[in-house]
Enquirer: 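Before we start, here is the structure in question, set down as structure tokens.
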Amino acid sequence: MSETYELHCRQCGRQLGNAPVAMCDECIAPLEVAFDLEGLRGRLTREQIAARPENLWRYRELLPIPEGASPDLPVGFTPLLAAPRLADQLGLKTLYVKNDAVCLPSLSFKDRVVAVALERARAFGLRVVGCASTGNLANAVAAQAARAGLEAWVFVPAAIEPTKLIASAIYGAHVVPISGSYDQVNRLCSLVADQFRWGLVNVNLRPYYAEGSKTVGFEVAEQLGWRLPDNIVVPMAGGALIGRIRKGFDELVAVGLVEPKPVKFFGAQASGCSPISSAVKQGLKFPEPQKPSTICHSLAIGNPADGHQAVEVIRSSGGWAEDVSDEEILAGMELLAKTEGVFTETAGAVVVGVAKKLIAQGRIRPEETTVLAITGNGLKTTEALSGRLQFLPAVEPRLAAFEALLARVGVPLTTR
Ligand SMILES: *Cc1c(COP(=O)(O)O)cnc(C)c1O
Ligand SMILES: [Zn+2]
């Protein structure tokens, strides 16, 4: 092979070169990018990586970007925050938050997958790109296509958060609201990709797109001092992220950058759309499609493309999956914000709520090192909180008026 990676079918093992296709046409199974890891062993060092700029391109040898490409958009390398106050509340000793609420350029982990997919789209000569999205992916495609000078068409369920529509349209992307569910949007996009030969990042470019998710795993390992955690809790929509974090950890071990260690993978969903967590709990290999009904729009995929792999990764790692109600999601948003100063969207809150459940079930233990994957920014889903927060009434700009307010709300005055 001319490049150090190519598509292969996980089911029949066929090698398929590099092309904008997502499925093995013999097995109808999703394709995955396989790297020549043997060739990299010992050749890629921690020091080499550490000397590079702090963005996801520092792992370029392990990303399916074209040879000679020189991407310069600083995507990724988000903070891994120690979270002692949240740990305290949850009854853990060592807890970290991987904070992709501040991933650039569009404030969710979807910037990672899009960065990789657009490099590939360019190499395939595709001039028009797009996606089927629950919101964040549309934002990321729109922003990065604008900068790359590509035309963008993003398809979303009409019911997504207004902020997410605005955060795509501002970049000049064609935003197409579809009156239907995400799964209907996705089916339409498969037809569009075939008909127009566009590069739809999570449809016909999906194997390359999914590789971008590995960088969450690469960064967590590097930021822990080139060590793997004991547990990681990951939100699941299509199920690509959780599977690719595992692939990322495995690749770091294979090339000799970290010591092997068992990591338990925990999947998190909203109860109103929980095909993957239900499959894990019921012992099914393939998730059964559901009709989503939850405030967590970004995870509302009823028929997850990588659901089977997600189930497999979770179960084979000794992990588990759980789901939480809308009320628990809102409580999770507040808890993370109040303890660690991180304002996440509903998807990140699902992770907080699920972690709490898993700890109560004894599946995550206090003395282990646990990482929560916080994947999106709360400013995009403020409507979820409407009516929940208390605001003080407006006060005249006079000290006496402020003191009257304090007396009225019963706050004792502290003076220095
Ligand atoms: C898309 C998304 C996920 C889940 O990613 P999948 O790879 O589809 O499972 C998690 N969090 C947020 C904020 C997302 O936008
Ligand atoms: Zn096959």
Side-chain angles (χ1 to χ4, degrees), residues 1-11 13 15-18 30-52 54-67 69 71 75-78 80 98 100 109 112-113 115-117 119-120 205-232 234 239-265 267 306 309-310 312-314 316-319 369 371 373:
M1 55 188 172
S2 59
E3 272 146 333
T4 56
Y5 56 85
E6 66 177 316
L7 297 176
H8 91 140
C9 172
R10 282 167 61 90
Q11 200 132 317
Q15 306 279 119
L16 293 153
N18 286 300
L31 298 174
E32 192 174 88
V33 180
F35 283 79
D36 172 17
L37 298 172
E38 265 312 299
L40 278 174
R41 211 184 149 81
R43 270 193 34 227
L44 181 62
T45 66
R46 295 174 179 180
E47 295 69 33
Q48 226 176 331
I49 293 171
R52 296 175 179 172
E54 292 193 335
N55 60 60
L56 57 71
W57 306 118
R58 68 208 260 114
Y59 312 106
R60 54 177 306 145
E61 287 87 348
L62 291 167
L63 294 174
I65 58 174
E67 226 181 325
V75 177
F77 219 81
T78 56
L80 181 73
K98 179 61 174 164
D100 270 11
F109 102 93
R112 302 171 181 276
V113 289
V116 173
E119 284 303 317
R120 234 19 265 190
L205 295 173
R206 187 169 180 91
Y208 301 101
Y209 149 103
E211 290 293 294
S213 296
K214 291 192 308 192
T215 59
V216 175
F218 294 159
E219 292 174 16
V220 165
E222 182 178 353
Q223 289 168 322
L224 286 174
W226 295 106
R227 280 186 310 119
L228 301 181
D230 296 307
N231 307 308
I232 186 160
V234 183
L241 175 61
I242 193 165
R244 292 327 197 276
I245 293 177
R246 158 77 166 267
K247 187 171 186 274
F249 286 167
D250 290 348
E251 289 178 356
L252 292 182
V253 171
V255 302
L257 284 166
V258 300
E259 291 298 317
K261 171 179 171 181
V263 179
K264 287 190 179 132
F265 285 80
D306 291 292
Q309 196 195 353
E312 206 264 325
V313 162
I314 291 165
S316 67
S317 76
T369 299
V371 175

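Please read all numbers here as calculations on a predicted model, not as lab measurements.
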Enquirer: For the atom pair OH (Tyr5) and CG (Leu63), what is the distance rounded to the nearest 0.5 Å?
Expert: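 Spacing of OH (Tyr5) from CG (Leu63) equals 9.5 Å.
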
Enquirer: Using modelled atom types and a 3.5 Å cut-off, is there a donor and acceptor pairing between side-chain atoms of Gln309 and backbone atoms of Asp306?
Expert: no

Enquirer: With a 4.5 Å limit on heavy-atom distance, are the side chains of Glu119 and Pro66 in contact?
Expert: yes

Enquirer: Measure from the side-chain N and O atoms of Tyr208 to the backbone N and O of Ile65, and report whether any donor-acceptor pair falls under 3.5 Å.
Expert: no

Enquirer: Can Glu222 and Tyr59 be counted as having a side-chain donor-acceptor contact under 3.5 angstrom?
Expert: yes

Enquirer: Measure the spacing between CG of Leu224 and OG1 of Thr369 and express it to the nearest 0.5 Å.
Expert: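 Between atom CG of Leu224 and atom OG1 of Thr369 there are 7.0 Å.
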
Enquirer: Side chains of Asp100 and Thr78: donor-acceptor distance under 3.5 Å anywhere?
Expert: yes

Enquirer: Which heavy atom of Val216 sits nearest a heavy atom of Lys98, and at what distance?
Expert: CG1-CG, 4.2 Å

Enquirer: Is a salt bridge present between Glu211 and Lys214, judged by a nitrogen-to-oxygen distance below 4.0 Å?
Expert: yes

Enquirer: Hey, what do you get for CG (Asp36) to CD (Glu6), rounding to the nearest 0.5 Å?
Expert: 10.0 Å

Enquirer: What are the two closest heavy atoms between Gln48 and Arg52, and how far apart are they?
Expert: O-CG, 3.4 Å

Enquirer: Would Thr215 and Val75 satisfy side-chain contact (heavy atoms from CB on, under 4.5 Å), going step by step from the backbone distance to the final call?
Expert: CA-CA 10 Å; Thr215 59; Val75 177; over 6 Å; no

Enquirer: Partners of Glu312 by side-chain hydrogen bond (donor to acceptor under 3.5 Å, both in side chains), sequence neighbours excluded?
Expert: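 So Glu312 forms no side-chain hydrogen bond (donor to acceptor under 3.5 Å, both in side chains) with any residue.
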
Enquirer: Restricting to non-hydrogen atoms, name the atom on Gly239 and the atom on Ala310 that form the minimum distance, rounded to 0.1 Å.
Expert: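 For Gly239 and Ala310, the tightest heavy-atom pair comes out as O-CB, 3.9 Å.
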
Enquirer: Determine whether Leu62 and Leu37 satisfy the following criterion, side-chain contact (heavy atoms from CB on, under 4.5 Å), listing intermediate values before the conclusion.
Expert: CA-CA 9 Å; Leu62 291 167; Leu37 298 172; 3.8 Å; yes

Enquirer: Taking all heavy atoms of Val263 and all of Pro229, pick out the closest pair and write down the distance.
Expert: CG2-O, 3.3 Å

Enquirer: Do you know which two heavy atoms are closest between Ala240 and Arg206, and how far apart they sit?
Expert: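 Of all heavy-atom pairs spanning Ala240 and Arg206, the closest is CB-NH2, 3.8 Å.
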
Enquirer: Start with the C-alpha distance between Glu219 and Arg112, add both sets of side-chain angles, then the distance that settles salt bridge (Lys or Arg N to Asp or Glu O under 4.0 Å), and finish with yes or no.
Expert: CA-CA 12 Å; Glu219 292 174 16; Arg112 302 171 181 276; 2.8 Å; yes

Enquirer: Does a side-chain N-to-carboxylate-O contact under 4.0 Å join Lys247 and Glu251?
Expert: yes

Enquirer: Using only atom types and a distance under 3.5 Å, with no angle test, would you say the side chain of Arg60 pairs donor to acceptor with the backbone of Pro71?
Expert: no

Enquirer: What heavy-atom pair brings Val234 and Ala373 nearest, and what distance separates the two atoms?
Expert: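 Scanning both residues, the minimum pair turns out to be CA-CB, 4.3 Å.
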
Enquirer: Without swapping roles, check the side chain of Ser317 against the backbone of Phe265 for a donor-acceptor pair under 3.5 Å.
Expert: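 Yes: the side chain of Ser317 pairs with the backbone of Phe265.
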
Enquirer: Do the side chains of Glu61 and Arg43 get close enough for a salt bridge, i.e. N-O under 4.0 angstrom?
Expert: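 No, this pair does not count.
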
Enquirer: Apply side-chain contact (heavy atoms from CB on, under 4.5 Å) to residues Val33 and Leu7 and explain how you reach the verdict.
Expert: CA-CA 4 Å; Val33 180; Leu7 297 176; 3.9 Å; yes

Enquirer: Among all residues two or more places apart in sequence or in another chain, which pass the side-chain hydrogen bond (donor to acceptor under 3.5 Å, both in side chains) test with Asn55?
Expert: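 Per chain and number, Asn55 pairs via side-chain hydrogen bond (donor to acceptor under 3.5 Å, both in side chains) with no residue.
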
Enquirer: To the nearest 0.5 Å, what is the distance between CG (Leu228) and CG (Asp250)?
Expert: 9.0 Å

Enquirer: Report the distance from atom CG of Leu241 to atom CZ of Phe109, rounding to the nearest 0.5 Å.
Expert: 4.0 Å

Enquirer: Evaluate Leu257 against Arg46 for side-chain contact (heavy atoms from CB on, under 4.5 Å), listing each step before the verdict.
Expert: CA-CA 7 Å; Leu257 284 166; Arg46 295 174 179 180; 3.8 Å; yes

Enquirer: How long is the span from the CZ atom in Phe218 to the CG atom in Leu252, to the nearest 0.5 Å?
Expert: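 Here the rounded value is 5.0 Å.
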
